[in-house]
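One-based numbering, in listed order, for ligands and for the atoms of each. Scope of the values below: all heavy atoms of this structure, side chains included, with no hydrogens, waters or symmetry mates. A quick note: this is a predicted structure, and the numbers were derived from the prediction, not measured.
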Amino acid sequence: MKIDIFTLFPEWFGWLSSQRHVANVLATGSTIECVDFRRDTPLTAGQVDDTPFGGGAGMVLRVDVLEASLRARYGVDPVQLRERRRVVALAPGGRLLDEQLVGELAAEPELTLLCGRYEGFDERILEHFASDVVSIGRYVLSGGELAAMVICDAVLRKLPGALGDERSAAEESFSDALEGNPEYPHYTRPAEHRGWRVPEVLLSGHHERIASWRRERSRERGASPPGPREGADSGDTG
Ligand code: ADE
């Protein structure tokens, strides 16, 4: 998979590329390349944003700047680009990222991720250049870079060679093997700590009983998503 990330902070992505499962996939021929859209701005002094029409706080990324950058990279009108590859703009109000969308993106041979900053994108970028607008959650980050890293991490770990053991991906949370439910609980040594015992079934060596116990726990977790932990301070002062 070839991933291009349009960002004002290309140096941030060096860290991502050095993470083991990402590095594993890059070693198989996949790429993450960053494009600094300040580089191709047609405006003076590297300007990329402007004040919003109608007034209000913050700055908005300009449509002409993104167009120049996409054209310089791909040599086509960005309006046509999204017919050839997924062009994903990161914004808090977009389609929520979930396992289904991660699977869709992981099946693409090429992806373009657009990272906004400040107040976000001029709406015409989303309307005319993006094939998708994606959010990693209903909260506001200072820009799309962390969201782009989340997408890269989730997508690349689906590709062959990312994880040391391919079983890790087959039976993980939200997989088909677990009927889309969260993963079952895991335990390791010691079998007892402060009187907290590991469930006996996991020590039994009985593979069928273990598999069915795990399926049940996974279903339970899917049926009742977690609230605050019992005994934990929710921070709610009432
Ligand atoms: N940019 C700012 N906040 C974001 C979010 N929650 N998801 C994706 N992109 C964003």
Spacing of Cys34 atom SG and Phe9 atom CZ [to the nearest 0.5 Å]:
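Rounded to the nearest 0.5 Å, the SG-CZ separation comes to 12.0 Å.
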Residues in ring-ring contact (aromatic ring centres under 6.0 Å, His included) contact with His207, at least two apart in sequence or another chain
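For His207, no residue satisfies ring-ring contact (aromatic ring centres under 6.0 Å, His included) once neighbours in sequence are set aside.
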For ligand 1, which of its N or O atoms have a protein N or O partner closer than 3.5 Å, and how long is each gap?
| unit_1 | atom_1 | unit_2 | atom_2 | d |
| --- | --- | --- | --- | --- |
| ligand 1 | 3 (N) | Leu141 | N | 3.0 |
| ligand 1 | 6 (N) | Gly137 | O | 3.0 |
| ligand 1 | 6 (N) | Tyr139 | O | 2.8 |
| ligand 1 | 7 (N) | Ile136 | N | 3.0 |
| ligand 1 | 9 (N) | Ala91 | N | 3.2 |

Between Glu108 and Met1, what is the shortest heavy-atom contact and its length?
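Smallest heavy-atom distance, with atoms named: O-CE, 2.8 Å.
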Can you give each donor-acceptor pair under 3.5 Å made by side-chain atoms of residues 91-101, sequence neighbours left out, with the distance rounded to 0.1 Å?
| unit_1 | atom_1 | unit_2 | atom_2 | d |
| --- | --- | --- | --- | --- |
| Arg95 | NH2 | Glu104 | OE2 | 3.1 |
| Asp98 | OD1 | Gln100 | N | 3.3 |
| Asp98 | OD1 | Leu101 | N | 3.0 |
| Glu99 | OE2 | Lys158 | NZ | 2.3 |
| Gln100 | NE2 | Glu104 | OE2 | 3.3 |

Residues in side chain to side chain contact (heavy atoms under 4.5 Å, CB included) with Val198, at least two apart?
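Testing Val198 for side chain to side chain contact (heavy atoms under 4.5 Å, CB included), a comparison that skips the adjacent residues, returns Tyr187, Leu202, Leu203.
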Verify, without hydrogens or angle tests, whether Arg85 (side chain) and Leu111 (backbone) share a donor-acceptor contact under 3.5 angstrom.
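Checking the backbone N and O of Leu111 against the side chain of Arg85, a donor-acceptor pair under 3.5 Å is found.
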